[in-house]
Amino acid sequence: MTEDVVREKLEPYNFDFDFSFDLFDDPERGIKSITFFPKDDNDQGNIKISRGEERIFVWCFFLALFELEDLKETQNKYFFIDDPVSSLDDHNLFITAISVMRLIEEYERKRKIIITTHHIGFFSLLADWIMKGEKASRYKDKTDIFILSNNRDGSLTLNNPKRTVLLYHLYLLSILNEAGKNDELSAYHMVILRQALESIASFLGVGRFSFVLEQLGFGNSDELANMINILSHKNIFTYESEMITNDNKDMIIDILNKLRKKYEFVLHEE
């Protein structure tokens with residue numbers, strides 16, 4: 001594999017650095033290290049790239065490897081891709097998602113592809129393209145989508161959502177809705193409520209979730225936001241008590257109902 005092949009994979013990210021492979025004297029041993037330096041000015045010496053740039057470089061190196069015929073022959077059953085978008089901003093996340101889709105398009109008939117991620121946005125993009133995109137008829141019958149949930153008792157549940165809620169705020173609201181229906185609201189759900197409100201506020205282009213409460217008709221929006229902050233700024237896994245008052249339960253349900261009415265959110269229930 002040459003440096004130019006990796007540079008080709010890096011090109012869409014438009015980085016301002018270049019690199020060189022430092023090879024072992026024995027070619028069979030491959031690459032000893034990789035040196036990074038400013039693009040078009042390697043006289044400035046070596047540089048340290050960021051964590052996000054490092055993740056992207058490794059991803060592009062991985063893509064370049066699969067153009068090697070020897071590797072294609074030996075890695076002929078599975079691709080396992082683990083969270084390639086960790087530490088990336090939204091722009092580079094989108095570019096990486098596109099490169100993953102290209103990999104799927106090229107190899108899905110030859111290999112089984114397993115992709116894991118902690119990033120709900122990346123998950124949402126790929127799931128939407130695969131299950132609802134213009135080529136969905138080619139992929140959806142071959143694809144399974146799962147969400148691994150960490151339960152409050154420490155157990156894990158692997159769910160295969162049928163009509164999946166893939167937008168982060170809708171996923172959070174679905175958690176609240178399910179807990180409310182089953183009378184299982186706890187201190188944990190106050191944190192979920194705050195995360196949902198912050199996500200919606202960000203989507204609306206404002207930096208404070210009290211704006212959302214104001215839009216819902218709460219006259220005391222700032223006071224209510226402060227209370228939610230106080231009740232949710234604890235470590236959700238080490239609450240002194242999981243119990244919350246009935247008034248706080250009613251508040252969560254009231255906010256949830258008003259969010260659904262105001263923005264016409266549809267929460268698919270199994």
Side-chain angles (χ1 to χ4, degrees), residues 117-128 131-132 145-270:
T117 183
H118 292 88
H119 197 294
I120 192 69
F122 179 66
F123 175 83
S124 177
L125 275 175
L126 288 183
D128 188 66
M131 306 301 284
K132 301 178 184 177
I145 295 176
F146 297 94
I147 295 176
L148 183 65
S149 300
N150 189 0
N151 303 316
R152 296 202 309 277
D153 62 2
S155 63
L156 299 174
T157 305
L158 189 63
N159 299 311
N160 184 356
K162 297 175 183 176
R163 293 181 296 168
T164 310
V165 177
L166 297 181
L167 293 176
Y168 187 48
H169 59 281
L170 295 186
Y171 183 63
L172 296 175
L173 293 177
S174 290
I175 293 174
L176 295 176
N177 186 56
E178 186 69 16
K181 283 197 313 176
N182 296 326
D183 194 24
E184 294 176 348
L185 288 170
S186 67
Y188 163 82
H189 295 99
M190 193 65 70
V191 180
I192 299 298
L193 173 65
R194 180 171 138 263
Q195 290 177 338
L197 289 170
E198 287 175 342
S199 179
I200 294 167
S202 177
F203 180 79
L204 295 175
V206 293
R208 55 187 179 87
F209 69 79
S210 60
F211 173 82
V212 179
L213 297 172
E214 183 180 331
Q215 295 294 301
L216 297 180
F218 290 100
N220 59 340
S221 58
D222 288 335
E223 180 182 338
L224 185 56
N226 287 335
M227 184 173 70
I228 293 171
N229 269 323
I230 292 170
L231 293 172
S232 62
H233 274 179
K234 297 180 180 179
N235 188 322
I236 61 176
F237 301 109
T238 57
Y239 275 116
E240 295 176 6
S241 172
E242 287 286 333
M243 303 296 294
I244 59 175
T245 66
N246 288 331
D247 286 345
N248 287 339
K249 290 181 181 180
D250 292 342
M251 177 189 68
I252 292 175
I253 293 171
D254 189 26
I255 293 173
L256 175 63
N257 289 338
K258 288 181 177 178
L259 282 170
R260 296 183 68 176
K261 182 177 181 180
K262 171 73 175 179
Y263 300 109
E264 300 183 356
F265 293 140
V266 178
L267 308 181
H268 297 303
E269 302 169 7
E270 302 202 37

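Numbering starts at 1 and runs along the sequence shown. Side-chain atoms are counted along with the backbone in the values below, which use heavy atoms only and exclude waters and symmetry mates.
Glu184 CD: more than 12 foreign heavy atoms inside a 6.0 Å radius.
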- I would like to know whether Phe265 and Leu256 meet side chain to side chain contact (heavy atoms under 4.5 Å, CB included); could you show each step before the answer? CA-CA 10 Å; Phe265 293 140; Leu256 175 63; over 6 Å; no
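Once rounded to the nearest 0.5 Å, the distance linking CG of Asn248 with CG of Asp254 reads 12.0 Å. The CG atom of Asn177 lies 8.0 Å from the CG atom of Asn257; values are rounded to the nearest 0.5 Å. Asp222 CG to Phe211 CZ: the interatomic distance, rounded to the nearest 0.5 Å, is 12.0 Å. Distance check: Ile244 CD1 to Leu231 CG gives 8.5 Å after rounding to the nearest 0.5 Å. The OG atom of Ser186 sits 8.0 Å away from the CD1 atom of Ile252 when rounded to the nearest 0.5 Å. Distance CG/Leu170 to CD1/Ile200: 8.0 Å, rounded to 0.5 Å.
Here the shortest heavy-atom pairing between Ala225 and Ser210 reads CB-CB, 3.7 Å. Residue Ala196 comes nearest to Leu173 through the heavy atom pair CB-CD2, 3.9 Å, listed as atom of the first residue, atom of the second, then distance. When all heavy atoms are compared, the tightest approach of Leu213 to Ser221 is CD1-O, 3.8 Å.
For the pair Asp183/Lys249, a side-chain contact is recorded, criterion being any heavy-atom separation below 4.5 Å from C-beta on. Residues Ile175 and His189 have side chains in contact (heavy-atom distance under 4.5 Å, counting atoms from C-beta outward). Looking at Tyr263 and Val212, their side chains come closer than 4.5 Å, going by heavy atoms from C-beta outward. Side-chain contact between Ile145 and Leu126 is absent, with no heavy atoms from C-beta onward closer than 4.5 Å. Two residues are said to be in side-chain contact when any heavy atoms from C-beta on lie closer than 4.5 Å; Ser149 and Asn159 meet this criterion. The shortest distance between side-chain heavy atoms of Leu259 and His169 does not fall below 4.5 Å. Residues Met190 and Met251 meet the side-chain proximity criterion, which asks for heavy atoms closer than 4.5 Å. Side-chain atoms of Ile255 and Leu193, non-hydrogen and from C-beta on, do get closer than 4.5 Å to each other.
Taking the six-membered ring wherever Trp is involved, the centroid distance between the rings of Phe123 and His118 does not fall below 6.0 Å.
With no hydrogens or angles considered, a side-chain donor-acceptor pair links Ser155 and Asp153 at under 3.5 Å.
Using a distance-only test at 3.5 Å, with no hydrogens or angles considered, a donor-acceptor pair links the side chain of Asn182 to the main chain of Glu178.
Judged by the 6.0 Å and 45° rule, Lys258 forms a cation-pi pair with Phe218.
A salt bridge is defined here as a Lys NZ or Arg NE, NH1 or NH2 lying under 4.0 Å from an Asp or Glu carboxylate O, and Arg194 with Glu198 meets this definition.
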